[in-house]
Amino acid sequence: MTATEKEKLTIVMFSGDLDRALAGFIIATTAASMGMEVTIFFTFWGLNIIKKNEGSIKSPGLKQKMFNLLNRGGSRRLTISKFNMLGLGTRMMKGLMKELHVPSLDEFITMSHEMGVKLVACTTTCGIMGVPDDSFRSEVKSLAGAAYFLGEARESKATLFI
Amino acid sequence: MKADQTLDCVGLYCPMPIVKTAEKIKKLKEGEVLEVIADDKGITKDMPAWCAATGHEYLGSEQAGKEIRVYIKKTH
């Protein structure tokens with residue numbers, strides 16, 4: 001296996017749940033460690049994972065502004081998909097992860113970026129959900145559509161939809 | 001088993017032992033042996049898979065109480 005013919009993994013991150021995001025980034029960082037070229041394509045609620053934690057999202061229209069107020073996102077604001085219990089469950093889960101030295105979602109995002117994982121935001125859902133380009137954290141380098149995803153996916157050994 | 005370098009991953013869960021191994025192996029010379037100490041049971045299945053994917057040689061594992069020691073030979 002040479003550097004030019006690296007195996008690829010492509011992940012669609014549709015969900016914005018903390019637990020699902022963690023699962024995605026665990027697989028992504030492991031794949032990168034195994035020498036695979038990894039792309040994560042964020043769409044719909046998944047965009048919340050890569051939104052900046054700080055500042056506000058400057059949406060264009062009134063509907064989008066309201067939407068982003070209710071759906072602010074950011075890695076530190078995400079909640080788990082079960083037993084969230086108004087945030088109590090999420091806090092417990094985060095506490096447990098810290099005790100067990102499991103990296104936080106934030107750390108996973110930075111780590112994956114340093115390992116060369118490509119983080120891509122879907123332009124269509126950015127449009128629908130009123131998420132402008134400057135809403136994303138610095139690790140997000142590109143924006144693209146479904147054709148880009150399929151271009152990557154058809155060359156991939158594994159494709160996941162999370 | 002004799003190793004040239006050791007990586008302590010005790011207390012770390014998947015994927016950290018693998019992520020750290022991938023980083024550490026870069027610092028070894030070809031033919032050298034890396035010992036990884038972990039207590040996440042998954043390591044005995046994960047490390048052979050990592051070796052198969054990266055082409056490094058999996059030399060085996062030793063269990064001592066809760067600790068598992070796995071050995072990898074850097075091949076390239």
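A quick note: this is a predicted structure, and the numbers were derived from the prediction, not measured. Each chain gets a letter, A, B and so on, in the order the sequences are listed, and its residues count up from 1.
- Contacts of Ala49(B) with chain A are made by both backbone and side-chain atoms, with heavy-atom separations under 4.5 Å.
- Salt-bridge check for Glu155(A) with Lys8(A): passed, with a basic side-chain N closer than 4.0 Å to an acidic carboxylate O.
- For Tyr13(B), there are no ring pair (Phe, Tyr, Trp, His ring centres under 6.0 Å) partners, not counting sequence neighbours.
- In this structure, no portion of Met36(A) lies under 4.5 Å from any heavy atom of chain B.
- Each of Lys98(A), Lys52(A), Arg76(A) was compared with Asp106(A) under the salt bridge (charged side-chain N to carboxylate O under 4.0 Å, His left out) criterion, and only Arg76(A) meets it.
- Of all the listed residues (Ile26(A), Thr29(A), Thr30(A)), the one sharing the greatest number of non-hydrogen pairs under 4.5 Å with chain B is Ile26(A).
- Proximity to chain B is limited to the side chain of Phe108(A), based on heavy atoms less than 4.5 angstrom apart.
- Heavy atoms from other residues, nucleotides or ligands lying under 6.0 Å from CZ of Arg72(A) number more than 12.
- Between chain A and the options Pro15(B), Cys14(B), Gly11(B), heavy-atom pairs under 4.5 Å are most frequent for Pro15(B).
- Each of Leu59(B), Ile68(B), Ile72(B) was scored for a side-chain contact (heavy atoms from CB on, under 4.5 Å) with Met47(B), with one residue passing: Ile72(B).
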